[in-house]
*Asks:* 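Below you'll find the structure I mean.
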There are 2 protein chains.
Amino acid sequence: MSKVPTVYDVAERAGVSIATVSRVLRTPDAVRPVTRERVLGAVTELGYVPSGSARGLAERRTGVLGLYFPGFDALDEAAEFTVFTDDDDGAAGDEFSIVHEAAPPEDAGAATLFLDEVLRGAELEAWRRGFVLMVGVGRGDPATSVARDMAGRVDGLVVLANSVPDDVLERLSARIPIVVLAGPRRGDSNDHVTVSNAQGMAALTRHVLEQTGGRVPSYLAGPVDSPDGAQRWQGFQRAIAEAGLDLADVPVLRGDFSRAAGRRIGDELVRSGLPPALMSSNDQMALGVLDAFAAAGVRVPQDVVVTGFDGIDAAARSHPRLTTVRQPMTELGRAAIEVMARRLDEPDAPPMSVRLPVEVVLRDSSVRRG
Amino acid sequence: MSKVPTVYDVAERAGVSIATVSRVLRTPDAVRPVTRERVLGAVTELGYVPSGSARGLAERRTGVLGLYFPGFDALDEAAEFTVFTDDDDGAAGDEFSIVHEAAPPEDAGAATLFLDEVLRGAELEAWRRGFVLMVGVGRGDPATSVARDMAGRVDGLVVLANSVPDDVLERLSARIPIVVLAGPRRGDSNDHVTVSNAQGMAALTRHVLEQTGGRVPSYLAGPVDSPDGAQRWQGFQRAIAEAGLDLADVPVLRGDFSRAAGRRIGDELVRSGLPPALMSSNDQMALGVLDAFAAAGVRVPQDVVVTGFDGIDAAARSHPRLTTVRQPMTELGRAAIEVMARRLDEPDAPPMSVRLPVEVVLRDSSVRRG
DNA sequence: CAGACCAATGTAACCGCATTCATTTCCGGC
DNA sequence: GCCGGAAATGAATGCGGTTACATTGGTCTG
């Protein structure tokens with residue numbers, strides 16, 4: 001590691017100029033096979049790896065795309081561990097601990113899982129297109145600084161809706177293209193990737209009405225400030241209206257998207273009386289409702305139809321299995337990168353949007369048989 | 001987006017030299033408050049964001065750490081979608097589809113989830129230390145090229161064991177520090193982060209022997225070439241020997257770490273006769289075994305004790321809930337970054353290793369009550 | 001065989017920032 | 001009001017590549 005080799009070293013060793021070395025690496029056909037081999041030999045011998053910084057500076061592009069997410073839930077302090085060198089074998093200290101785990105853990109990280117999938121889709125697509133992905137996660141206020149930090153290093157930035165203040169976003173988009181993920185289409189000039197929240201919820205609502213003979217379902221809404229929640233509510237609204245029902249007859253409950261909230265509301269419903277169907281605006285709450293119903297001996301879907309929204313993994317494994325609308329999470333990430341790629345190709349094209357289709361997944365919690 | 005502002009633009013606008021601009025951004029205290037304000041004003045007005053490439057080149061460090069994983073399972077071709085501009089509202093095309101999902105999906109991506117968690121830990125720690133994280137995923141042969149590609153852009157690279165051929169690794173480590181994750185300690189000069197596989201399995205084995213009154217358990221091994229598998233086997237071996245039992249008496253079965261394999265082996269055991277306990281070298285297989293046992297009406301843990309290893313989420317939700325050894329996945333990522341940070345601080349320190357403790361999680365599948 | 005062209009290679013000018021070293025400004029003490 | 005030293009600022013250089021342009025050496029053509 002004494003000295004990292006540069007083009008100059010390679011050039012000297014191969015007896016050519018640095019321009020030729022550069023050509024061998026970037027446009028191999030432009031150089032005579034003999035010379036090419038000679039240069040490649042020198043590259044191998046020296047273990048030369050081109051500096052991304054220098055290349056990025058010269059080319060005026062980095063080949064890196066950024067993905068910026070709002071924070072994971074802040075984790076606790078780092079567990080301490082001991083570092084040891086390879087002589088010592090580090091035998092000291094606890095190697096394990098034993099825990100009796102009585103109750104199943106509350107499942108917490110739905111949002112996290114969502115992001116993991118998006119990330120995976122983005123990574124895949126980025127790779128296919130020859131980009132590298134840089135991930136940034138915001139934490140509280142310095143979010144802004146992280147985003148700016150990334151902005152200087154990437155050719156384009158994919159931002160999850162609401163993870164960056166609008167004004168910051170605007171400034172960044174003056175420097176590099178921005179693709180906004182999963183947010184509502186705004187009047188801004190950024191590109192957007194969204195999902196068919198409203199359409200999916202409308203389709204699901206029609207299905208539910210069919211199952212309950214057109215009786216008015218209850219609706220379990222999320223936080224008022226959730227754009228996704230708002231779109232889903234719109235879809236619901238539309239389907240209700242189209243069915244000739246009166247929206248005013250719909251009991252609307254409100255939760256915070258958490259499983260606990262669902263449980264609480266489920267308990268309340270058991271006490272106050274069950275609707276023919278309960279349509280939740282996300283899976284977590286629906287699962288909580290199922291918890292409560294199961295505990296109270298309420299039969300789903302016979303006594304009440306229950307549906308969710310999102311398509312998280314746990315929904316496929318609940319008892320009964322939860323009917324839901326699956327968001328194309330991986331696809332979201334992928335589409336974001338694709339849109340970004342187009343934007344980079346054509347910087348001056350008008351703002352683009354992509355709306356991804358959702359999948360209404362009918363499962364036991366909503367399907368009444370024979 | 002006509003022209004991206006640079007230090008020069010900022011300097012001109014603020015009526016100072018570029019050196020001063022640079023100082024304002026890097027060592028604010030070195031410049032008089034009045035000037036500082038003037039410069040910052042210009043920065044804001046111009047929407048200046050420093051170029052990561054230029055900075056990286058000048059500073060000879062990028063502030064980026066790389067995380068290199070072996071490939072996700074190759075995903076299928078991209079789903080197509082339509083891009084529309086903001087004028088048109090893209091109403092055409094399917095907005096959703098409806099699916100009847102009869103059976104619960106096979107759960108596939110355990111390895112993937114593992115990586116997600118590691119990534120999260122790494123991201124967190126990287127952020128705390130002021131680094132940005134670049135993720136790269138290898139796919140098949142070009143894996144090498146991705147890794148090299150990253151090597152030119154980062155200050156240090158964390159690679160998952162076996163994801164990069166040894167010779168490539170060696171060349172890369174000549175350029176930047178490498179931290180090997182979750183692999184066995186080799187004779188190389190890289191830094192390592194590992195998990196107490198053997199110690200965890202030994203502790204778990206002692207627990208099982210206790211539950212079964214010292215009767216010899218069966219062991220369900222994984223693929224022969226899995227280093228983790230080997231370490232776990234060693235721990236098992238040791239515990240058996242220490243209990244005064246004869247290893248030759250232990251029936252050893254072999255699977256491929258998949259749930260299907262576990263199911264197959266479970267079926268076989270039902271037919272051929274149950275051992276007092278079955279210790280699997282990973283969770284997936286253990287879950288498969290539970291599937292088979294449940295289908296056959298075998299009671300766990302009364303008829304047979306079953307244990308896994310890894311601590312995947314599904315293990316906490318199985319019926320009965322699976323006793324296992326939890327790997328500190330998030331911690332692994334975090335530790336890797338921490339080791340990397342130390343290495344960057346002290347490039348010439350001797351090779352470091354960290355071995356993280358595991359957690360033996362006792363659940364219903366192994367605990368026989370009064 | 002000279003002139004024209006083309007392919008292969010070399011030369012040198014950036015790319016945008018950090019930083020060293022020289023220069024200027026500021027301030028307190030007399 | 002002047003002087004000396006510290007603080008603030010500016011000029012110039014290097015980081016490691018890419019690439020436009022110049023140069024060289026051949027090959028082809030008439």
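Side-chain atoms are counted along with the backbone in the values below, which use heavy atoms only and exclude waters and symmetry mates. So you know, we letter chains A, B, ... as the sequences are listed, proteins then strands, and number each from 1.
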*Asks:* Which pairs with one or both residues in residues 56-67 of chain A pass salt bridge (charged side-chain N to carboxylate O under 4.0 Å, His left out), sequence neighbours excluded?
*Replies:*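 Only A/Arg26-A/Glu59 qualify under salt bridge (charged side-chain N to carboxylate O under 4.0 Å, His left out).
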
*Asks:* Under 3.5 Å between N/O atoms: give me all the protein pairs with nucleotides 6-12 of chain C, atom names plus distance.
*Replies:*
residue	atom	partner	partner atom	Å
C/dA8	O3'	A/Arg32	NE	3.4
C/dT9	OP1	A/Arg32	NE	3.4
C/dT9	OP1	A/Arg32	NH2	3.2
C/dT9	OP1	A/Thr35	OG1	2.5
C/dT9	OP2	A/Arg32	N	3.0
C/dT9	OP2	A/Thr35	OG1	3.4
C/dG10	OP2	A/Ser17	N	2.8
C/dG10	OP2	A/Ser17	OG	3.1
C/dG10	OP2	A/Thr20	OG1	2.7
C/dG10	O6	A/Arg23	NH2	2.5

*Asks:* Under a 4.0 Å threshold between the charged nitrogen and the carboxylate oxygen, would B/Asp116 count as salt-bridged to A/Arg120?
*Replies:* yes

*Asks:* Taking side-chain contact (heavy atoms from CB on, under 4.5 Å) as the test, write out the residues that go with B/Ala54, two or more places apart.
*Replies:*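 Expected list: A/Leu57, B/Ser51.
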
*Asks:* List in chain and number order the residues that pass salt bridge (Lys or Arg N to Asp or Glu O under 4.0 Å) with B/Asp29, two or more places apart in sequence or in another chain; answer none if no residue qualifies.
*Replies:*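 With neighbours one apart ignored, the set is empty.
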
*Asks:* Specify the angle, to 10°, made by the local axes at the two ends of the helix from C/dC1-D/dG30 to C/dC30-D/dG1 when five pairs are taken at each end.
*Replies:* 40°

*Asks:* Going by number, which of residues 50-66 of chain B have a non-hydrogen atom under 4.0 Å from DNA chain D?
*Replies:*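 Residues of residues 50-66 of chain B under 4.0 Å from DNA chain D: B/Leu57, B/Ala58, B/Arg60.
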
*Asks:* List in chain and number order the residues that pass side-chain contact (heavy atoms from CB on, under 4.5 Å) with A/Leu46, two or more places apart in sequence or in another chain; answer none if no residue qualifies.
*Replies:*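 Partners of A/Leu46 by the side-chain contact (heavy atoms from CB on, under 4.5 Å) criterion, ordered by chain and then number, come out as A/Pro5, A/Asp9, A/Val10, A/Arg13.
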
*Asks:* Under the rule for side-chain contact (heavy atoms from CB on, under 4.5 Å), what residues qualify as partners of A/Leu169, not counting sequence neighbours?
*Replies:* A/Val159, A/Val164, A/Ile178, A/Val180, A/Asn190

*Asks:* Is it true that A/Arg334 and A/Glu338 make a salt bridge, defined as a side-chain N closer than 4.0 Å to a carboxylate O?
*Replies:* no

*Asks:* Do B/Arg153 side-chain atoms and B/Gly66 backbone N/O form a donor-acceptor pair below 3.5 Å?
*Replies:* no

*Asks:* Could you tell me which non-hydrogen atom of A/Ala126 sits nearest to which non-hydrogen atom of A/Leu133, and how far apart they are?
*Replies:*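 Smallest heavy-atom distance, with atoms named: CB-CD1, 4.0 Å.
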
*Asks:* Chain A on DNA chain D: first and last contacting nucleotide, 5' to 3', under 4.0 Å to a heavy atom?
*Replies:* D/dG16 to D/dA20

*Asks:* Listed by chain and number, what are the salt bridge (Lys or Arg N to Asp or Glu O under 4.0 Å) partners of A/Asp155, not counting sequence neighbours?
*Replies:* none

*Asks:* When the side chains of residues 35-42 of chain A are checked against the rest of the protein, which donor-acceptor pairs come out under 3.5 Å, sequence neighbours left out?
*Replies:*
residue	atom	partner	partner atom	Å
A/Thr35	OG1	A/Arg32	O	3.1
A/Arg36	NE	A/Pro28	O	3.3
A/Arg36	NH2	A/Pro28	O	3.4
A/Arg36	NH2	A/Val31	O	3.2
A/Arg38	NH1	A/Ala14	O	2.6

*Asks:* Tell whether B/Tyr8 reaches the base of C/dC15 with its side chain through a donor-acceptor pair below 3.5 angstrom.
*Replies:* no

*Asks:* Going by the side chain to side chain donor-acceptor pair (under 3.5 Å) test, which pairs reach into residues 16-25 of chain A, not counting sequence neighbours?
*Replies:* none

*Asks:* Mind running side chain to side chain contact (heavy atoms under 4.5 Å, CB included) on A/Leu119 and A/Val135 for me, showing each step along the way?
*Replies:* CA-CA 8 Å; A/Leu119 172 60; A/Val135 308; 3.5 Å; yes

*Asks:* Heavy atoms under 4.0 Å, any strand shown: does A/Ser22 hit a base, just sugar-phosphate, or nothing?
*Replies:*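 If one applies the 4.0 Å heavy-atom cut-off, A/Ser22 turns out to touch a base.
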
